[in-house]
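Here's the structure, in structure tokens; my notes come after.
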Amino acid sequence: MKSFSKAILMVALLSVGPAAAELVEETESISGKYEIPLERPVLEGHRGGNGGNSIGSQFNLIAKNSAKAWRAMCGEEPVPMCQHLEQFESLLDRESPNFVTVLASPTVYADDGQEREAVNFFGNQGRGTIVVSQKAWSEMDSHIYKAPERKINLVLHEYFSIMGIESSDFYAFSRDLYTFFVHTGYDTEKIASNEAMPSACSINFKGSEDIAPGLNGSIKSHLSQLGYESVDNSKSARFSMKIRLSCSTNALFNHSCSVYTEVVDTFKGDFIHFDEHVTGQRFIRKKNLINDLHQEALSQLKPCN
């Protein structure tokens, strides 16, 4: 729903703080319109201290998590809906002229007088705003099983409405994207959680103690060439990579080694994204055999886009 009455709009803004209230009064006196100017970051989130700020923050976080999952999904399978991803991401970027402000109010009504879970509209500067109902958001939490689905669909719907690809009470595109998340194995509870998901191509690699430092560096370089961003903290990475090495020596230069490489995708609930087990026995230097086996194992790892 794009607009609502003056009285209802002012109720929704009672707790955004005095600075925001002054801006609203000034706009009304100059333009005679009951729209919200969005020049100040103070407008993002509810500032009244009664839960609205946290709801606005979580709403925005779910949007960002959805964008990361959406980008990861498009990297794997560039379906037609991927054409809208960059526009969606621009609505979440503070530096973008398309940045959308998220507010919260105890209850939210549309201009038809009907209570809504959220409403969205454009202010007189052409900037988008979403106002979320604290009441409706809290009710979603009481239905634990359906809470992630309802929250993600609502968040996507409000942003997609601003993008012009959905309209009031019409959730076709947002439901299609949510269904795609589910069918491709993405963990919707993580998308709807209170924790930020890492970037789509981030990877945490911990080399085995048996692997020489030079080889560890070569592996990280290979990952970078494939588009993976190496991070030191496993909680800040989408992928977790482990390598296991075992070797035995039968003679002076006759070595037998086994390398197992595993990459876990946390976006999909600790799903095994990649695994490769290679073995080899050669009458060469042990170091050379180990390097060759690692190259063979990693050659099967797909790039991250």
Side-chain angles (χ1 to χ4, degrees), residues 65 67-79 82 179-191 193 195-305:
N65 284 346
K68 290 173 182 177
W70 192 357
R71 178 153 293 282
M73 184 187 73
C74 291
E76 297 169 357
E77 186 174 355
V79 294
C82 295
T179 300
F180 217 107
F181 285 156
V182 173
H183 287 175
T184 50
Y186 286 87
D187 189 339
T188 55
E189 290 191 5
K190 287 187 177 180
I191 296 174
S193 73
E195 295 185 4
M197 294 172 65
S199 60
C201 289
S202 55
I203 189 167
N204 174 247
F205 163 62
K206 290 186 178 180
S208 169
E209 295 179 357
D210 299 323
I211 302 176
L215 180 56
N216 280 336
S218 297
I219 293 173
K220 288 185 177 181
S221 177
H222 179 71
L223 292 173
S224 178
Q225 292 174 9
L226 291 176
Y228 293 89
E229 174 195 1
S230 293
V231 296
D232 295 330
N233 188 343
S234 60
K235 292 184 178 180
S236 301
R238 172 190 176 185
F239 297 109
S240 175
M241 181 176 181
K242 296 179 181 178
I243 294 181
R244 299 183 182 92
L245 168 68
S246 62
C247 290
S248 62
T249 302
N250 300 324
L252 184 60
F253 290 109
N254 188 13
H255 307 290
S256 178
C257 291
S258 175
V259 171
Y260 174 67
T261 305
E262 176 185 278
V263 178
V264 175
D265 185 354
T266 62
F267 276 18
K268 297 184 178 182
D270 297 334
F271 169 77
I272 301 298
H273 174 72
F274 164 82
D275 65 342
E276 189 72 16
H277 194 181
V278 297
T279 60
Q281 183 174 351
R282 300 179 202 168
F283 195 72
I284 60 174
R285 291 182 60 193
K286 181 179 179 181
K287 178 180 179 181
N288 292 347
L289 175 60
I290 292 173
N291 287 346
D292 290 346
L293 293 177
H294 278 87
Q295 289 181 11
E296 182 180 347
L298 292 173
S299 68
Q300 306 300 318
L301 180 60
K302 294 181 179 180
C304 188
N305 301 314

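It should be emphasised that the depicted structure is a prediction, and the values quoted were computed from it without experimental measurement.
A donor-acceptor contact shorter than 3.5 Å links the side chain of Asn65 to the backbone of Met197. Put simply, the side chain of Tyr186 never gets that close to the backbone of Gly269: no donor and acceptor are under 3.5 Å apart. The main-chain N or O of Ser202 is never found under 3.5 Å from a side-chain atom of Arg238 such that the two would form a donor-acceptor pair. Remark: side-chain polar atoms of His222 are not paired, donor with acceptor, to backbone N or O of Ser218 under 3.5 angstrom.
When all heavy atoms of Lys190 and Thr266 are compared, the pair lying nearest together is NZ-O, 2.6 Å. Listed here is the closest heavy atom pair of Pro303 and Tyr228: C-OH, 4.2 Å. When every heavy atom of Ser234 is checked against every heavy atom of Asn204, the shortest pair comes out as CB-OD1, 3.6 Å. Ala200 and Phe267 make their closest contact through CA-CE2, 4.1 Å (heavy atoms, listed as atom of the first residue, atom of the second, distance).
Classification of the Phe239-His273 ring pair by plane angle, with boundaries at 30° and 60°, yields tilted.
No side-chain heavy atom of Val231 sits under 4.5 Å from any side-chain heavy atom of Ile203. Looking at Ile191 and Asp187, their side chains never come closer than 4.5 Å, going by heavy atoms from C-beta outward. Looking only at side-chain heavy atoms (C-beta outward), Phe180 and His183 stay at 4.5 Å or farther from each other. Using a 4.5 Å heavy-atom threshold, the side chains of Ile243 and Val259 count as touching. For the pair Ser240 and Phe205, the minimum side-chain heavy-atom distance is 4.5 Å or more. With contacts defined as side-chain heavy-atom distances shorter than 4.5 Å, the pair Asp275/Val263 does not qualify. Here the side chains of Thr261 and Arg244 are not in contact, with every heavy-atom distance at 4.5 Å or above. Counting only heavy atoms from C-beta outward, the side chains of Leu301 and Leu223 approach each other to under 4.5 Å.
Put simply, CZ on Phe274 and CE on Met241 are 7.0 Å apart, with the number rounded to the nearest 0.5 Å. Between the CD1 atom of Ile219 and the OG atom of Ser230 there is a distance of 10.5 Å, given to the nearest 0.5 Å. With rounding to the nearest 0.5 Å, the separation of CD in Glu229 from OG in Ser199 is 4.5 Å. Here the straight-line distance linking atom SG of Cys257 with atom CD1 of Ile290 works out to 4.5 Å at 0.5 Å rounding. Between the CG atom of Asn305 and the SG atom of Cys74 there is a distance of 11.0 Å, given to the nearest 0.5 Å. Summarising the geometry, atom OG belonging to Ser248 is positioned 8.5 Å from atom NZ belonging to Lys286; distances are rounded to the nearest 0.5 Å.
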Start with the C-alpha distance between Gln300 and Leu298, add both sets of side-chain angles, then the distance that settles side-chain contact (heavy atoms from CB on, under 4.5 Å), and finish with yes or no.
CA-CA 5 Å; Gln300 306 300 318; Leu298 292 173; over 6 Å; no
Step by step, would you call Ser258 with His277 a side-chain hydrogen bond (donor to acceptor under 3.5 Å, both in side chains)?
CA-CA 7 Å; Ser258 175; His277 194 181; 2.6 Å; yes
Would Val264 and Lys242 count as a side-chain contact (heavy atoms from CB on, under 4.5 Å) if you check the C-alpha gap in whole Å, the side-chain angles of each, and the deciding distance to 0.1 Å?
CA-CA 9 Å; Val264 175; Lys242 296 179 181 178; over 6 Å; no
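Heavy-atom contacts from other residues, nucleotides or ligands closer than 6.0 Å to CG of Asp232 number 12 or fewer. The 12-atom threshold is exceeded at NZ of Lys268, counting heavy atoms of other residues, nucleotides or ligands nearer than 6.0 Å. Lys220 NZ: 12 or fewer foreign heavy atoms inside a 6.0 Å radius.
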